[in-house]
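In what follows, a structure is listed as structure tokens, so that the remarks can point back to it.
No hydrogens, no waters, no symmetry mates; every other heavy atom, side chains included, goes into these values.
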Amino acid sequence: MSDGDGDADAEGFEAGVESSEGDPRVLLVMNAVLSALFGWTIVWGLSYLGFLEFGVINVATAAILLFAMTYLVTMS
């Protein structure tokens, strides 16, 4: 294989990625999972510092707020 083939593959991959919009359901699920994990981490850290009680309601609230902010930022 020559170096020229690698450049052609890279250009083909870039063109494929640029033309693909992806499945929005995957993005929503990824956003939900990552927001839940990050919300859990934030609430755990704040409870460790004594600012907030660690609980399901607080984690869910943080996750929903993060999900909504991320959704609004990415869709605007």
- Query: Going from CG on L27 to OG1 on T70, what distance comes out if it is rounded to the nearest 0.5 angstrom?
  - Reply: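 Going from the CG atom of L27 to the OG1 atom of T70 covers 12.0 Å.
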- Task: Calculate, to the nearest 0.5 Å, the distance between atoms CD1 and OG belonging to I42 and S47 respectively.
- Result: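 That separation rounds to 12.0 Å.
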Show the nearest heavy-atom pair for residues [X] and [Y], with the distance to one decimal.
| X | Y | result |
| --- | --- | --- |
| F54 | V59 | CE1-CG2, 4.0 Å |
| A36 | A63 | CA-CB, 3.7 Å |
| V43 | A62 | CG2-CB, 3.9 Å |

Are [X] and [Y] linked, directly or through other ILVMFWY residues, by side chains that come within less than 4.5 angstrom of each other?
| X | Y | result |
| --- | --- | --- |
| L66 | V56 | no |
| L52 | L49 | yes |
| L37 | V29 | yes |
| I64 | V73 | no |
| M69 | V33 | no |

- Task: Please lay out, stage by stage, how L28 and F67 fare under the test side chain to side chain contact (heavy atoms under 4.5 Å, CB included).
- Result: CA-CA 9 Å; L28 289 175; F67 181 89; 4.0 Å; yes
- Under the side chain to side chain contact (heavy atoms under 4.5 Å, CB included) criterion, do V26 and D23 qualify, and how do the steps go? CA-CA 6 Å; V26 173; D23 190 357; 3.9 Å; yes
- Query: Can you check whether E53's main-chain N or O pairs, donor with acceptor, with N58's side chain at less than 3.5 Å?
  - Reply: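 Indeed, once roles are kept as given, a pair shorter than 3.5 Å links the two residues.
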- Message: Is it true that, when you exclude L72 itself, more than 12 heavy atoms of the residues, nucleotides or ligands shown sit nearer than 6.0 Å to its CG?
- Response: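 Enclosed: over 12 neighbouring heavy atoms sit under 6.0 Å from CG of L72.
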